[in-house]
Amino acid sequence: MLEIKNLHVKLEDEDKVILKGMNLTVETGKVHAIMGPNGSGKSTMSYVLSGRDGYEVTEGSATLQGQELLDLDPEARAAAGLFLAFQYPVEIPGVGNMTFLRTALNAQRKVRGEDELSAGEFLKLVREKAKALKIDAEMLKRPVNVGFSGGEKKRNEILQMAMLEPKMCILDETDSGLDVDAMRLVSDGVNALRSPDRSFLVITHYQRLLDHIKPDVVHIMADGRILQTGGPELALEVEKNGYADILAAHGLTEAK
Amino acid sequence: MATQETDIREGVDRETVETVQNMGSYKYGWETEIEMEYAPKGISEEIVRLISKKNDEPEWMLEWRLQAYHRWVEMKEPDWALLDLPKIDYQDLYYYARPKSMVEKPKSLDEVDPKLLATYEKLGIPLKEQMILAGVEGAENINLEERQVAVDAVFDSVSVGTTFKEKLAEAGVIFCSISEAIKDHPELVKKYLGSVVPQTDNYFATLNSACFSDGSFVYVPPGTRCPMELSTYFRINAENTGQFERTLIVCDKGAYVSYLEGCTAPKRDTAQLHAAVVEIVILEDAEVKYSTVQNWFPGDEEGKGGIYNFVTKRADCREPRAKVMWTQVETGSAITWKYPSCILRGDDTSGEFYSIAIANNYQQADTGTKMVHLGKNTRSRIVSKGISAGQAQNTYRGLVSMHPRAKNSRNYTQCDSLLIGDKCGAHTVPYIEVKNNSSRVEHEATTSKVDDDQLFYCRARGVGEEEAVALVVNGFCRDVLQALPMEFAMEAQSLVAISLEGSVG
């Protein structure tokens, strides 16, 4: 599904290199988790994949189902099936959540040559999906993320994911700022979206999210690349012992 | 009901997006080749007399115009606005132009200049109404489908027709061109014309008083709720022509009317002058809503051409509990100089002003409102959203004045400016005068840039860049868009998107 090869990325305005030869393959239908200390480049990777300005790819490639992503505009990447659940979802005052969802969904459908949904069809769909995610109809009427609690923002991201039905979902620290109950709600939402033809890349600091969203593969990332890959037990090991041993094995220190 | 409302709003937003995708940069930039009758160029006492004669006016009207003209020649153009004003040669303009086909009333649609009809079609006016506008005799009697809006169209200098007159007459509402009103309802015109905006009010209003060629007149009798929205379409077509229309609305005791005004002009590389006056008189317990979507040609990407728009609009809440609401969406014109104002004369009167002003490329806008509180317990509310893009300069200029007698009055002002790009400017110039101790004035202002994070968030969800800007800007304008009548809201949303095309990337 997603294949990242030897990806090197620096900041556009500074000489700071963030990704240093990252390799990652996420197979169709699998859930991969990426853990790593602060500053390891996890969030940068998610931004670079989704096409945010401010980064320069100096080497390497990233393909989605064989299609090169890095040449595309952000909106084209979305239409190709990539979805990033933001760590900090953005507020858009005055724009209704429904308007936003419908604009996004129809923009993607149009690019893919599908018919746009009418107001009625859309409304039916969004109500159905919101109900499944236990999202209050009131939340759909409010402006995008404005005045939402941390938990509501993250659930709104999952609702967008459910509506847009992407093939490859990246969750950037979706658990940050959530209490236990909110985390369970969000995780239930993600689990409901798991399917044999959809892949996930879950970026997190904490094992506890992975108790809810069970990964097939766990990667440890530091210093702009993947250091170690293993099964779910790798996350448990990190939870217990921290990153020090893994970093040391690659000649890195935790202060890095 | 709440759900239905949401559905409609959803439809409105969709409309915006489709319009953006399907439209060129200035949709109304066509020009109609119609044989025109012109008065000679320039302004003089003779031209004023000629205009009056062409309109077949009584002597008192001519006297009124001449008074204004003699005053005007002694006046100077105002220079206090934050506008880079090119020199206007007032003697190099035509002050009167009308389609030749209007000289004699056509008998059927076949006799109407087809180009005139094509113009109405482009403006989106339905065929049967086109017949009425084109002045076809008997067209009024054709059974029209149920529609909500009566239209008065002003083409260059003359009103070319008004629809739904009879249906309105049943309710006692008078809606006609001002030239007809001068002939048919002189007592009303004499009583109210110039009573809100005096002949000598300001340079442009005085010029208008001297040479206004036509416009619309509305009278709503006591206790009458006008049965439909009234609408005027203004179009400047002829080259080098100034348009000076004059609108007079009188809303008698306990009456209500909602009035819509739309404007377009062809694309030309020479500038055109537009100096209009709108006067609204509101009596006891009456209410007027006046909405404008102004889309005059703004000039091209390099700032060539466009309309110079100098407009004086004022509402006089003359008696207790009168209410007025101005809503304007200003996307066009190379230069906009416009301050729709509320004179809150009666006790317990209220005035509201909702404005979206967009300036892109080399457009300049200096616009705002005046809230003059004279009566006790008067209320005013100002919500202004200014958007600047390209090299444009956008100024909000507003006066809130609490007079000594205006005890316990209140004003709330909110002024938000949005910048797109780094070469444009936004300015806020509030004037506040409070001359009593019991009134309260609040002023809030913000200036922000279109946020890259917001745009990226939209794009990461599959929304294209220009559509994302339109979405964010429409969100910014929401408070004002919601104040517009539904069908205007759609047009306004599309306009917001269109006028910002090419402002990013």
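Note that the coordinates shown come from a computational prediction; the quantities given were computed from them, not determined experimentally. Letters A, B, ... mirror the listed sequences (proteins, then strands); counts begin at 1.
- A side-chain donor-acceptor contact under 3.5 Å links Glu173(A) and Gln87(A).
- At a 4.5 Å heavy-atom cutoff, the contact between Pro89(A) and chain B is made by backbone and side-chain atoms alike.
- For Val144(A), the part lying under 4.5 angstrom from a heavy atom of chain B is the side chain only.
- Geometrically, Lys385(B) engages Phe476(B) in a cation-pi contact defined by less than 6.0 Å to the ring centre and at most 45° from the axis.
- Below 30°, between 30° and 60°, or above 60°: for Phe100(A) and Tyr457(B) the angle between ring planes is below 30°, a parallel geometry.
- Both the backbone and the side chain of Arg52(A) come within contact range of chain B, with heavy atoms under 4.5 Å apart.
- Interface residue Ile92(A): backbone and side-chain heavy atoms are both found under 4.5 Å from chain B.
- In terms of non-hydrogen atom pairs under 4.5 Å with chain B, the most contact-rich of Pro74(A), Gly51(A), Ala78(A) is Pro74(A).
- At a cut-off of 3.5 Å, with distance as the only test, a side-chain donor of Gln328(B) or Lys338(B) sits close to an acceptor on the other residue.
- Annotation: ring pair (Phe, Tyr, Trp, His ring centres under 6.0 Å) contacts of Tyr339(B) (sequence neighbours excluded): Trp80(B), Trp337(B).
- Within the 4.5 angstrom heavy-atom criterion, atoms from both the backbone and the side chain of Cys458(B) approach chain A.
- Your options are Pro143(A), Pro93(A), Ala79(A), Ala137(A), and the one with the most heavy-atom pairs under 4.5 Å with chain B is Pro93(A).
- Among the candidates Ala104(A), Pro166(A), Ala80(A), the residue making the largest number of heavy-atom pairs closer than 4.5 Å to chain B is Ala104(A).
- Note that Arg461(B) lies in the cation-pi zone of Phe83(A), set by a 6.0 Å cut-off to the ring centre and a 45° limit from the axis.
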